[in-house]
Amino acid sequence: MKALIAYFSHTGENYFAGAIRSISKGNTATVAETIASLMAGKSDTFEIKTVKTYPHNYKECCDVAQEEGCAGARPELQGTLPDLHSYDTIILGYPCWWGTMPQAVFTFLESADFSGKMILPFCTHEGSGMGRSERDIKNLCPHANVVKGLAINGSNCAHAQTSVQKWLSANGL
């Protein structure tokens, strides 16, 4: 069985334990790389990227994310989406923005048929946990098996290997 690790991540200014810091690799990308390393050869990786990039500035990015969420926007994605037929499992990663996934992840989920797939969501956050994202995924993919997600505090992403391994193992990966 081969899994697809599909993730959306934001670089630039991010919130870390009460302070704004600029990062060159997004927290979610860091966790996705950890998962790929732990699954060595049993997964493929796909980064969900939008045609229009999000602002580098933290406050500006938050404002855009809030506007998109309120409008139910579906940002256009870059590139060709992967063919899901060869995957039984989709490991779906994203930061928690305004209580759920970024709207780009909604676009991704609405762009393919996830029927019969197991979806393992993980998110990075600074206090909001999974928010309502698991429920949103279940609503978007009603014929998929959406398992309990893993919420990782963004400040701890670089040191999350043990919790990620336990979560993967608990889900048969």
Before giving the answer on ring-ring contact (aromatic ring centres under 6.0 Å, His included), spell out for F106 and F8 the whole-Å C-alpha distance, their side-chain angles and the decisive distance to 0.1 Å. CA-CA 11 Å; F106 282 80; F8 175 88; over 10 Å; no
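- Panel note: side chain T34, backbone T30; a donor-acceptor pair is recorded below 3.5 Å.
- At distances below 3.5 Å, at least one donor-acceptor pair connects side-chain atoms of S163 with backbone N or O atoms of A160.
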Run Q165 and S169 through side-chain hydrogen bond (donor to acceptor under 3.5 Å, both in side chains) and show every step you take. CA-CA 6 Å; Q165 178 63 60; S169 295; 3.0 Å; yes
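- Looking only at side-chain heavy atoms (C-beta outward), D44 and K2 come within less than 4.5 Å of each other.
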Return a table of donor-acceptor pairs under 3.5 angstrom between the side chains of residues 139-156 and protein atoms on other chains or two or more places apart.
{"residue": "N139", "atom": "ND2", "partner": "R135", "partner atom": "O", "Å": "3.4"}
{"residue": "N153", "atom": "OD1", "partner": "S155", "partner atom": "N", "Å": "3.0"}
{"residue": "N153", "atom": "OD1", "partner": "S155", "partner atom": "OG", "Å": "3.4"}
{"residue": "S155", "atom": "OG", "partner": "E126", "partner atom": "OE1", "Å": "3.3"}
{"residue": "S155", "atom": "OG", "partner": "E126", "partner atom": "OE2", "Å": "2.8"}

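- Counting only distance, with no hydrogens or angles, the side chain of H10 and the backbone of P55 share a donor-acceptor pair below 3.5 Å.
- No donor-acceptor pair under 3.5 Å is formed between the side chain of S43 and the backbone N or O of M39.
- Looking only at distances, a side-chain donor or acceptor of S9 sits under 3.5 Å from a matching main-chain atom of A29.
- Between D88 and K117 there is no salt bridge, since no side-chain N of the basic residue sits under 4.0 Å from a carboxylate O of the acidic one.
- Closest approach of D113 to L84, counting heavy atoms only: O-CD1, 4.0 Å.
- Cluster membership check: F16 does not share its hydrophobic cluster with Y58, using side-chain heavy-atom separations under 4.5 Å among Ile, Leu, Val, Met, Phe, Trp and Tyr.
- Ring centroids of F108 and F114 are separated by less than 6.0 Å, placing the two rings close together.
- Around the CD atom of Q161, the shell of radius 6.0 Å holds no more than 12 heavy atoms that belong to other residues, nucleotides or ligands.
- The two atoms that bring W98 and C62 nearest to each other are NE1-O, 3.0 Å, heavy atoms only.
- Once rounded to the nearest 0.5 Å, the distance linking CG of L4 with OG1 of T89 reads 10.0 Å.
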What do the steps show when you test E13 against K59 for salt bridge (Lys or Arg N to Asp or Glu O under 4.0 Å), and what is the final call? CA-CA 9 Å; E13 292 181 351; K59 181 174 177 353; over 6 Å; no
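- Sparse packing is recorded around NE2 of H159, with 12 or fewer heavy atoms of other residues, nucleotides or ligands lying under 6.0 Å away.
- Using a cut-off of 4.0 Å between Lys/Arg side-chain N and Asp/Glu carboxylate O, R74 and E68 are scored as not salt-bridged.
- Closest approach of S24 and T11 over heavy atoms only: O-CG2, 3.3 Å.
- What you find for Y87 and A3 is that their closest heavy atoms are CD2-C, 3.5 Å.
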Does the side-chain hydrogen bond (donor to acceptor under 3.5 Å, both in side chains) test come out yes or no for T124 and T28, once each step is laid out? CA-CA 6 Å; T124 56; T28 309; 2.8 Å; yes
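- Of all the heavy atoms in G18 and Y15, the pair that sits closest is CA-OH, 3.1 Å.
- For the residue pair W97 and P102, the shortest heavy atom distance occurs at CE3-CB, 3.6 Å.
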